[in-house]
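Working notes for the structure below.
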Amino acid sequence: MRNKEFDFIIIGSGIAGLYTALLACDVGNVLVLTKGSIDECNTRYAQGGIAAAIGRDDSPEVHFQDTIAAGAGLCDTEAVRILVNEAGDRIAALIEIGVPFDTQDGEVALSREAAHSRPRILHAGGDATGERIEVTLSRAARAAHNITIMEHCLATEIIVRDGVARGVIAFDSQAGSMEEFRAPSIILATGGAGRLFKLTTNPDVATGDGIALAYKAGAEITDVEFFQFHPTALRLPGIPPFLISEAVRGEGGILCNVEGHRFMPDYTPDADLAPRDIVARSIVAEMRKTGSDRVFLNVTHLPHQTVTTRFPHIYRFCLDHGLNITKGLIPVAPAAHYMMGGVKTNTWGETNIYGLFACGEVACTGVHGANRLASNSLTEVLVFSKRIIERAIGGATAKSAVEERHFTLRKYDTSRITTPLRLAILQSLLWDNAGIIRSKEKLEEAALVLAAWYDTLQTPTDRPYYELCNMVLVGRLLIEAALIREESRGAHFRSDFPEPSPQWEKHVVFRNTP
Ligand code: FAD
Ligand code: SIN
């Protein structure tokens, strides 16, 4: 093992890791650990854009109301206030770093997405927002003199002593060696966990590692039952569920079932621009009704120019796979997309472990509640990264105002379970038993299998097995939380408890007890 001391250790190199690194390097030396190459992350795939109330007819108050409405009673109102009030300044800072947002008539162009009552989504390269952000930030981080970037370095443990985070143990997968790094401030920026599910818009790195690392270190994990399923991922045989941005419906794209019927107005007056959970469940209902594994998104009525200039990436991807979307319907179906829950933080990004912070998709700041409003996640990263660095160099602490219930993982008798642990089996299990529509019976079945796998995990010696172990643990937390929450709210839908319950206007929080 090699020992190294830094002021900040940041785990992850998506927008959360790199933006935080760029802020931190002004006040200390920074180590960024990332388990793949620098640009392997969810950020790179973001399409629709980033939300901020900067339009003429918009205001932080309207953005606040939309975010709270989408969050279905579980948003932390203080965190949402901070998000909407600080979004404009943070985006201005991103523009200063060099992110080339699209413009129209000399001003930043703003689009509309579902459940936003105003056009407030900034985008870059049409639908290549994430790629433009990632390229700009990684270039800036590589050029910064105070930032060391270690690629192919997988964090495997947060070192905590006397309740204080002290360092990180990491597996250098190219050298095959373990490394130990120390710093007074450790920032988890490890992204999401979409790979838990068979169908996901997320790339391979999204295995929930940060949640597993934090849980094992004693940090609180909350809201993990709320996993957002994006309604429209491309459904073509042999092709991964490539995202077809919600902005496509924002520009006038219309959903119809395989019989050609425009179905969304049958479910809700907001039709195609209803919140994601409603659109995703409506699509599932239509697929069941018509016995199909897909519905269609129609943009053929939009001007050719609008489709190709506003969505060049989607247009090109589909064309490369034999589909001209200006002439033919786009086959789509829901796919796992975003984890609303994660490592519980206050509004300064602090976890319950002193010196350990979390930001980005791995964190649960409380801004998304039970259902994230589209394009609020990139905004959340910018706003709370800044606050983490402010806090790390001296600031105040805050507490969540929403009620919590604390749990530990239940014990099961798993002696009769013989299902082999394989990634594909785990992903199918989560998709079938803890996906868009859940029930006690299916959740319990999956809980038992995951508990059996958990009991037989070996000490990992390579990255795939580390990730698999993390996914088993995060899958357990998700399923356990989904079982505990006997109601339906936001992205969490239980067919056996189809309504929200006022009793459940509270958070499920897990904490590992030795
Ligand atoms: P990521 O960008 O995923 O970065 C995580 C990093 O952590 C990666 O570098 C990864 O390799 C690293 N890592 C993970 N585990 C370890 C470990 N154990 N050790 C070391 N490194 C590790 N949001 C929006 O607001 N607007 C959008 O338009 C939008 N579109 C999206 C489209 C797609 C297809 C997807 C998948 C997501 C989209 N999102 C969007 C969500 C948004 O992109 C993500 O929430 C956000 O980019 C997450 O950033 P992050 O930095 O937290 O995580
Ligand atoms: C999309 O472009 O539809 C994704 C936006 C998001 O997940 O916020």
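Since this is a predicted model, take the numbers as computed values, not measurements. Order of appearance sets the numbers: ligands from 1, and atoms from 1 within every ligand.
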Do the side-chain N and O atoms of His63 and Asn376 include a donor-acceptor pair separated by under 3.5 angstrom?
yes
Under 3.5 Å side-chain donor-acceptor pair for Glu134 and Thr136:
no
Reported CD-to-CG distance for the pair Glu361 and Asn42, which is rounded to 0.5 angstrom
5.0 Å
Can you tell me how far apart CG (Leu473) and CG (Leu213) are? Round to the nearest 0.5 Å.
9.5 Å
Between ligand 2 and the protein, give all atom pairs where both partners are nitrogen or oxygen and the distance is under 3.5 Å, as lines of names plus distance to 0.1 Å.
{"from": "ligand 2", "atom 1": "2 (O)", "to": "Gly48", "atom 2": "N", "distance (Å)": "2.9"}
{"from": "ligand 2", "atom 1": "2 (O)", "to": "Ser245", "atom 2": "OG", "distance (Å)": "2.7"}
{"from": "ligand 2", "atom 1": "3 (O)", "to": "His230", "atom 2": "NE2", "distance (Å)": "2.8"}
{"from": "ligand 2", "atom 1": "3 (O)", "to": "Glu246", "atom 2": "N", "distance (Å)": "2.6"}
{"from": "ligand 2", "atom 1": "3 (O)", "to": "Arg276", "atom 2": "NH2", "distance (Å)": "3.4"}
{"from": "ligand 2", "atom 1": "7 (O)", "to": "Arg276", "atom 2": "NH1", "distance (Å)": "3.0"}
{"from": "ligand 2", "atom 1": "7 (O)", "to": "Arg276", "atom 2": "NH2", "distance (Å)": "3.3"}
{"from": "ligand 2", "atom 1": "7 (O)", "to": "His337", "atom 2": "NE2", "distance (Å)": "2.7"}
{"from": "ligand 2", "atom 1": "7 (O)", "to": "Arg372", "atom 2": "NH2", "distance (Å)": "2.7"}
{"from": "ligand 2", "atom 1": "8 (O)", "to": "Arg372", "atom 2": "NH1", "distance (Å)": "2.7"}
{"from": "ligand 2", "atom 1": "8 (O)", "to": "Arg372", "atom 2": "NH2", "distance (Å)": "3.4"}
{"from": "ligand 2", "atom 1": "8 (O)", "to": "Ser375", "atom 2": "N", "distance (Å)": "2.6"}

Tell me whether the centres of the aromatic rings in His313 and Phe317 are closer together than 6.0 Å.
no
Taking the side chain from Asn29 and the backbone from Asn146, do they hold a donor-acceptor pair closer than 3.5 Å?
no
Partners of Thr34 by side-chain hydrogen bond (donor to acceptor under 3.5 Å, both in side chains), sequence neighbours excluded?
Ser13
For residues 361-390, the ring pair (Phe, Tyr, Trp, His ring centres under 6.0 Å) pairs (sequence neighbours left out) are Tyr338-His368
I'd like the contact residues of ligand 1, where contact means a heavy atom below 4.0 Å.
Ile11, Gly12, Ser13, Gly14, Ile15, Ala16, Leu33, Thr34, Lys35, Glu40, Cys41, Asn42, Thr43, Tyr45, Ala46, Gln47, Gly48, Gly49, Cys153, Leu154, Ala155, Ala189, Thr190, Gly191, Thr201, Asn202, Val205, Asp209, Leu243, His337, Tyr338, Gly360, Glu361, Arg372, Ser375, Asn376, Ser377, Leu378
Once you measure the plane-to-plane angle for Phe229 and Phe227, does it fall in the parallel (<30°), tilted (30-60°) or perpendicular (>60°) bin?
tilted
